[in-house]
Amino acid sequence: MELVGKINLERTSIEEYTVSFDVPDNCDYSLTDDSRGNYVVFISLIPPATSPSSTFTTHDFDTRAYDDKIEIIFDQEEYEDNTSTRKTKPVISITTNC
């Protein structure tokens, strides 16, 4: 099971978007940006969880273009389920030119 559910981009101005995304309620995320329009959302299970919940919660963040470009990457932690490693790849990458 993937750790990212729905993803929505809403344009709020010429160079700005609001990103909404769903993750299981037993997952956490961290957001980094380099102030150059590149954003990475890393999603991981909250210990002691060993597999993602089927109940999702929605999170939002605002983005701003740099040189008319925004790139958003969702990187999902690999996790073990019944002693086998679940790979939740590929990494989800969204790029837009404003």
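Bear in mind that the values here come from a model prediction, so they are computed numbers and not experimental data.
Note that CD1 of Ile14 is 10.0 Å distant from CD of Glu16, once rounded to the nearest 0.5 Å.
Within the 4.5 Å cutoff, side-chain heavy atoms of Ile70 are placed close to those of Tyr17. By the 4.5 Å heavy-atom criterion applied to side chains, Lys69 and Thr95 are counted as neighbours. In this structure, Ile73 and Phe42 have side chains that are not in contact, with every pair of non-hydrogen atoms separated by 4.5 Å or more. By the 4.5 Å heavy-atom criterion applied to side chains, Leu9 and Ile72 are counted as neighbours. Residues Val19 and Phe74 meet the side-chain proximity criterion, which asks for heavy atoms closer than 4.5 Å. Side-chain contact between Ile94 and Glu71: absent, with no pair of heavy atoms (C-beta onward) separated by less than 4.5 Å. At a threshold of 4.5 Å between non-hydrogen side-chain atoms, the residues Arg11 and Thr18 do not count as touching. Contact annotation: the side chain of Asp75 never approaches that of Ile43 to less than 4.5 Å [non-hydrogen atoms, C-beta and beyond].
Contacts of Asp60 classified as side-chain hydrogen bond (donor to acceptor under 3.5 Å, both in side chains), with partners at least two apart in sequence or in another chain: Ser20.
Within the structure, side-chain hydrogen bond (donor to acceptor under 3.5 Å, both in side chains) contacts touching residues 31-45 (residues at least two apart or in different chains) are Asp34-Asn38, Arg36-Tyr66.
For the residue pair Ala49 and Asn26, the shortest heavy atom distance occurs at CB-ND2, 3.5 Å. The shortest non-hydrogen separation linking Ser53 to Pro24 is O-CB, 3.5 Å. Residues Cys27 and Leu45 approach most closely at SG-CD2, 3.6 Å, considering heavy atoms.
Ile46 and Phe56 sit in two unconnected hydrophobic clusters of ILVMFWY residues. Membership requires side-chain heavy atoms under 4.5 Å apart, directly or through other members.
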- Task: List the steps and the verdict of side chain to side chain contact (heavy atoms under 4.5 Å, CB included) for Val23 and Thr57.
- Result: CA-CA 6 Å; Val23 298; Thr57 58; 4.2 Å; yes
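The aromatic rings of Phe21 and His59 sit tilted relative to each other, their planes meeting at an angle between 30° and 60°.
With hydrogens and angles disregarded, a donor-acceptor distance shorter than 3.5 Å links the side chain of Gln76 to the backbone of Leu3.
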